[in-house]
Structure formats: structure tokens, C-alpha cells
K.L.:
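Below is one structure. I have some questions about it.
Please read these numbers as outputs of a predicted model, since none were measured by experiment.
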Amino acid sequence: MTVPEQLIARSNALGADPRNTNYAGGNTSAKGAVTDPVTGSPTDVLWVKGSGGDLGTLKESGLAVLRLDRLRALVDVYPGVEREDEMVAAFDYCLHGRGGAAPSIDTAMHGLVEAPHVDHLHPDSGIALATAADGPALTKECFGDRVAWVDWRRPGFQLGLDIAAVKAANPQAIGVILGGHGITAWGATSEECERNSLEIIRTAEAFLAERGAPEPFGPVVPGFEALPPEERHARAAALAPVIRGLASTDQRQVGHYTDSDVVLEFLSREKLAPLAALGTSCPDHFLRTKVRPLVVDLPATAAVEDVVARLKELHAEYRDEYRAYYERHADADSPAMRGADPAIVLVPGVGMFSFGKDKQTARVAGEFYVNAINVMRGAEAVSTYAPIPESEKFRIEYWALEEAKLQRMPKPKPLAGRIALVTGAGSGIGKAIARRLAAEGACVTIADLNSDAAAEVAAEIGGTAVTADVTDAAAVQAAIDATVLAFGGLDLVVNNAGLSISKPLLETTERDWDLQHDVMAKGSFLVARAAAKAMIDQGIGGDIVYISSKNSVFAGPNNVAYGAAKADQAHQVRLLAAELGGYGIRVNGVNPDGVVQGSGIFAGGWGAQRAAVYGVEESKLGEFYAQRTILKREVLPEHVAAAVFALTGGELTHTTGLHVPVDAGVAAAFLR
């Protein structure tokens, strides 16, 4: 393998095991010679994982490539630690060729250390030693002289110089423990470097296990034990919208729920509050989890109403404390405060709610806090947990380089941060709506009677799937609960589930009538009622959209049960728009007609029935519908999806109670 191929293989192997490093955490490098295309001479270069990205999935395109001579020449122009941030821009003048990733802040560490291969990782075991109050002594006890200690320093050019100096002074060492931060290892070959990284990590794990106290978090606090799974999840579903609404005070957030054994055990112990108050230490951790979490201080058995009331009090206190933290450390050059809401909320007996701008960010924030719990356990097992000072956390959280990285991020999509539930989304119109909402940035739950179809659509768009019979109130509530547990809350519901039976009045049975009304009139009511409860608890508004029909206002032949059910849905839009507007919930409808292609309803027999009514071939039904419209155009599922997006995408913020026709123009169905 080439040197870059060796580096990618090592990176992927290390990043695949969460014991070695967290998601998107750490970086790896290799040095080697390439032929300079200009001079034809061999040139030493550094391949290093670029800014962002994840070791476990790293590809060669994720590497930055720099000329080693130019990178090391920066030592001669280094202006000192007070101006070390200027060196990041200088890395661009060291690049070898075009393309590749942008060099990260850790590039200096990899380039200045005199070793062909270098790994910088964030293993929980290594950070546990790095955050222990007597970390240097424990490092010596654990590793002897094979691993050296480097005092905490913010990542940057000076840290690279520090590590290079420690390596030069300790030729027997295979790596270092970075105070408050992580580990760095090196080797003459890629295999040796990986072996040395794993030796440090596994040796630290064994040391903590063998030497550590049996209950590092203290005894269990009575009443704070984990609730049974069913009760725990029900309580989490009840609390999730409230917590997400609070966490979205400054900016709408997506949530993630975690009730792993690691989390529940931490939440049940005596040291929960004091350790949580100390916050996380590794920069990768607190950049995603905020400086500290919000911790509910009530037992698991407290009434939900009491927990909600306490959450609101604690949230107000958290915001005040965060603003005070910002004001304690900000200076004239600091970026503006980005938001005072917590990214991690801990509820004893229930679990952890983590938040971010999208589902992945929210999930990763939770994963990082689990890493932090493991770090605290390890440090407390052999010593006392002593993270880096609050002032240092602020220097990184509000670092000008971090701010610049945030400013470079692409503009969010229109529905970014929005959480949607679409019923009947396994096929046809519902599937098209789900696809469009996801494409515009929403997190989407696919609800359908057909579990296989729901799962297929969810897999395609990166959403979640639930099997739901909208005529069953318990099943509807289960779908809402699944959504809030998956994404933290609910912002947008599309009542799309439906079916059609075309019969003359005298042939329409009671069962036909009841089925049509149960699925569409009653089903829409049940979904809207459960969704409105979640949205009201959340307190940040929302959208409910009904996919009604041209038939809600048009008196078509042989259509009494379907048309009446659609008229019921259409009036629900008006009634609920009037009732829910005070909560910031907008209710609108879409009236499609003649959506034949991809339609589950038409494929299920309705198409044949309507074709028979109109005396045309079923395969020509779409064309027939198009020709009777003003525009002479066939209506497709994507056109209905476009109307849903138009109503919810942010441009019609003051519109509620509206029905949008998507029928290519049917004069008899014009709204008056």
C-alpha cells in the first residue's frame, strides 16, 4: 500500500472502535516522499486528517497534504503563543497541490513531531487519566517511562512545539497523555504507530479497572434509580416536547433520547450533581455538549407535572448562569453569545436528552456526553475528576477560529430543525410529501399501515418508520411518542392517510361509510388531537396540514362516502385553525384531484372504479383527468408535496385556515 493508503487503513481501524476515539474526534498523519510535478525531485510531505470528518469513515479526499519543509519553516516565523492563531492561515501556504481537506488546528502537532506516523486520539481511558487531579503521577504509575505527560494547552502551534520537545527529551516514549485532553502516539511505521496507540489505550483501561474504586460515582440515591423500560419511555415521551421547547428558546433544535445503562447508572448516583456541574473537559466534548448539562434534581417517581414545573425553573436558572459564564470571560474581541440553552438535559430515572441543529448533531452530542461520563468514572475511580478550568473552556468555545468555522458552514435548508410526521407515507402522495420535507431539511417520521413500505421510505430519506392505524387512538399516540423520542418533539403533521370507495348511494353500505369516515375524518381528528397536545407542550408553534380533496367541495358521481369524509376533513381545517392559532399552530389544507400515478388509493381499486364511472380505460385515467382541467395538465404526487412545502416552508407564516387546490384547475371546485 502507498503511505496515504496505510494512513487511511489505520485511521479507519482506530475510528471503528469507540473505545479509541469519539465520532469525528482525533486526527492521524503520515509523512513520506512524493515527486514534485514541477521540479521532478522528491519532496517530503505530510498527509494529515483535515478539519472535520471522522476517522472511522475517512477517505483520501479527507486528508490535507502539506510540504513538510515549508510547514516546519513556520517555526522560524512563529510570533509566539499570544498570536499562534495566525499560524492556521499560514498552513495554506504550505499545501502541496490543490484539492484535499482544509488543514486542522492540530496540523502543527503532526508536522513538528519527529516521527513518520502520528495519532492524536480521544479515548475515554486516556482522557480519564488526563483529567485526574494527579494525572502526571498516575501516568507515571500506569506507563512508567513509555508514556510522558504534557500539561494542558489549547490545541494549536504551541502545543505542537510542546509535544515535539517532550518527544525529543524522552526518546524511549511511545506517546504522551495531554492534560485535560487526550493522547498522542507515534511510530516509525503505520503498524507501529497503531500498535502504540492501542497500547496506551488498553493499558489505561486495564489500569483503571484494576486500580479503580468499585463505586466511583458514590452510592445509589433512593428514588433516583432507573424506572422500568415501559414506564421510562412513556415518561420520556411526555417530557420530550417540553424539554425540546425549552432547549429551542434561542434557536430551534432537534433532539435525541438516550437511556443506556451508562447514563441511567450515572443519573442514579450521589455524585451526579457535583460532577455534572464541573462540566466536560476534552474540547471535542464541550464544544458539542455546552460547558455543562442541565440536571433535573427530582426523583424518578416525581409527578410529571412537578418535573415540568421544575424543568422550567431550572431552564431559567441555566440561561442566567450561562450568560454570567459568558460575561465572566468575554472581552471586546469575543464573538457574540451564540445561545444560552442547554445541549444536554439529564432526567434521573428517565435518561438523557441531547440537542443539536439536526439529528446527527443531536445524536453525537449525546454520544460525547456518554464519553464524558466514562471519563468522569475513570478519573473518580483512581483520583478526583479535575477538568480544565472554565476560562479555558470559554477560550475554545468562543475561539475566533471556531467562530470562523461556524460562519463557513452552509446556510441551513428551509425546514432544517423541523420535525414532521406524515401519515399514509408508505406510497403515493404521502411518500412524495415525506421525500420533499426531508429534502428541505426536516426530520421525518413515516407512518403507514404497511410496515415494510414505511421502513423502505424511511431508509431512503433517513427518517424513522412507525406502523400506525390512524383509526386507533392508542396507535396514533404511539406514533407521536415514537416521533418525539426519535427527534425530540414535533413541528409539522400531514394528515394524508386515506382510502377510497366509489359506489352509488344505494350500493354504499354502512361498512363503506364507517370505513371511509374512520380512516379520514376520525383518523385525522385523532392525529391532529395527539399532535396538537405535543405542540402545545412544546410551546414553539407548529403546522398541521390536511390532504383533503377537490371532492370536499365538488359533488362528483357515485362518491357519497368519500366526498362526505373529505368535506369533514376540510372543515376540520377551519375549526382547528380557529382553535389552535393562539398556540402558534397553523392549520391548512391541500385539495388535490386526479393524482393517479404512484397512488396507493388508485392502485387499490379506486382507479378501476372511477375509470368505469367515466367510461375510460384505467391506464388512461390520468390523461382523462388532465383533459377535463383548465390547464390540461396531469397532477402528480410531487405537485401535492410542493403545496405542502409552500404552506410550511417559511414564506406563508401568517396563513392559516387556507385550502390550496392542486387540481390543474377544476372550475366547479373553485373555493368561494
Side-chain angles (χ1 to χ4, degrees), residues 241 244-245 248 250-255 356-362 409-425 428-447 457-458 460-464 483 486-496 524 527-528 531-532 534-535 538-548 569 573-574 576-577 580-581 583-592 595 635-664 671:
R244 191 241 179 166
S248 299
D250 288 323
Q251 183 176 355
R252 192 182 297 268
Q253 301 286 297
V254 174
K357 63 178 182 173
D358 52 33
K359 178 61 179 177
Q360 176 172 292
T361 307
M409 296 182 72
K411 182 181 178 182
K413 294 180 178 179
L415 295 181
R418 300 288 296 279
I419 300 163
L421 168 71
V422 184
T423 67
I429 291 173
K431 180 178 180 179
I433 293 169
R435 281 174 165 170
R436 180 63 187 270
L437 297 180
E440 299 292 350
C443 300
V444 185
T445 293
I446 309 300
V457 176
E460 175 192 334
I461 66 172
T464 190
T483 301
F487 301 120
L490 184 61
D491 301 304
L492 198 169
V493 166
V494 182
N495 268 318
N496 170 74
S524 294
V527 171
M535 291 178 185
Q538 198 168 244
I540 53 176
D543 283 284
I544 300 175
V545 179
Y546 281 65
I547 305 304
S548 184
Q569 284 187 307
V573 169
R574 303 180 187 97
L576 297 186
L580 299 177
Y583 300 103
I585 300 171
R586 304 183 310 123
V587 187
N588 293 291
V590 178
N591 289 350
V595 185
V635 180
L636 303 177
E638 290 73 19
H639 300 139
V640 184
V644 173
F645 173 65
L647 288 167
T648 60
E651 296 298 320
L652 298 178
T653 58
H654 289 56
T655 298
T656 192
L658 174 69
H659 280 282
V660 178
V662 183
D663 57 12
L671 297 172

K.L.:
Nearest heavy-atom pair of S548 and Q569: which atoms, and what distance?
P.N.:
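Distance-wise, the nearest heavy atoms are CA-OE1, 4.0 Å.
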K.L.:
Identify the heavy atoms of L492 and M535 that sit nearest to each other, and give their distance.
P.N.:
N-CE, 3.8 Å
K.L.:
Output the distance between atom CZ (F645) and atom CG (L652), rounded to the nearest 0.5 Å.
P.N.:
10.0 Å
K.L.:
Which distance, rounded to the nearest 0.5 Å, do you find between the CG of L658 and the CZ of R574?
P.N.:
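Output value for this atom pair is 10.5 Å.
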K.L.:
Apply side chain to side chain contact (heavy atoms under 4.5 Å, CB included) to the pair V660 and N588, showing each step before the final yes or no.
P.N.:
CA-CA 8 Å; V660 178; N588 293 291; over 6 Å; no
K.L.:
Please round to the nearest 0.5 Å and tell me the distance separating atom CG of D491 and atom CD1 of I585.
P.N.:
10.5 Å
K.L.:
Start with the C-alpha distance between F487 and V444, add both sets of side-chain angles, then the distance that settles side chain to side chain contact (heavy atoms under 4.5 Å, CB included), and finish with yes or no.
P.N.:
CA-CA 9 Å; F487 301 120; V444 185; over 6 Å; no
K.L.:
Does Q538 use its side chain to pair, donor to acceptor, with the backbone of L490 at less than 3.5 Å?
P.N.:
yes
K.L.:
Against V595, only a single residue in V635, D663, V662 fulfils side-chain contact (heavy atoms from CB on, under 4.5 Å); can you say which?
P.N.:
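Result for side-chain contact (heavy atoms from CB on, under 4.5 Å) with V595: V635.
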K.L.:
I need the minimum non-hydrogen distance between I540 and S248, along with the two atoms involved.
P.N.:
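Heavy-atom minimum between the residues: CD1-CB, 4.3 Å.
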K.L.:
For residues 411-425, dump all side-chain donor-acceptor pairs below 3.5 Å to protein atoms at least two apart in sequence or in another chain.
P.N.:
residue, atom, partner, partner atom, Å
K413, NZ, A439, O, 3.3
R418, NH1, T648, O, 3.3
R418, NH2, D543, OD2, 2.7
T423, OG1, V494, O, 3.4
T423, OG1, N496, N, 2.9
T423, OG1, A497, N, 2.9

K.L.:
List the atom of A432, the atom of A641, and the distance in Å for their closest heavy-atom pair.
P.N.:
O-CB, 3.5 Å
K.L.:
Report yes or no: does T464 contribute a side-chain atom to a donor-acceptor pair with the main-chain N or O of T445 at less than 3.5 Å?
P.N.:
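Side chain of T464 to backbone of T445: no pair is present.
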K.L.:
Ignoring hydrogens and geometry, is there a side-chain-to-backbone donor-acceptor pair from R244 to Q253 under 3.5 Å?
P.N.:
yes
K.L.:
Which atom pair, heavy atoms only, marks the closest approach of P241 to A534?
P.N.:
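In terms of heavy atoms, the two residues are closest at CB-O, 3.5 Å.
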K.L.:
Would you compute the distance between atom CD1 of I461 and atom CD1 of I446 and round it to the nearest 0.5 angstrom?
P.N.:
3.5 Å
K.L.:
Between I547 and P592, which heavy-atom pair has the shortest distance, and what is it?
P.N.:
CG2-CG, 3.8 Å
K.L.:
Rounded to the nearest 0.5 Å, how far apart are CG of L647 and CD1 of I544?
P.N.:
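If we round to the nearest 0.5 Å, L647:CG and I544:CD1 are 13.0 Å apart.
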K.L.:
Can you pull the salt bridge (charged side-chain N to carboxylate O under 4.0 Å, His left out) pairs that have at least one residue in residues 431-441, sequence neighbours excluded?
P.N.:
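Every salt bridge (charged side-chain N to carboxylate O under 4.0 Å, His left out) pair that includes a residue of residues 431-441, provided the two are not neighbours, is R435-E460, R436-E440.
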K.L.:
How long is the span from the CZ atom in R586 to the CG atom in L576, to the nearest 0.5 Å?
P.N.:
14.5 Å
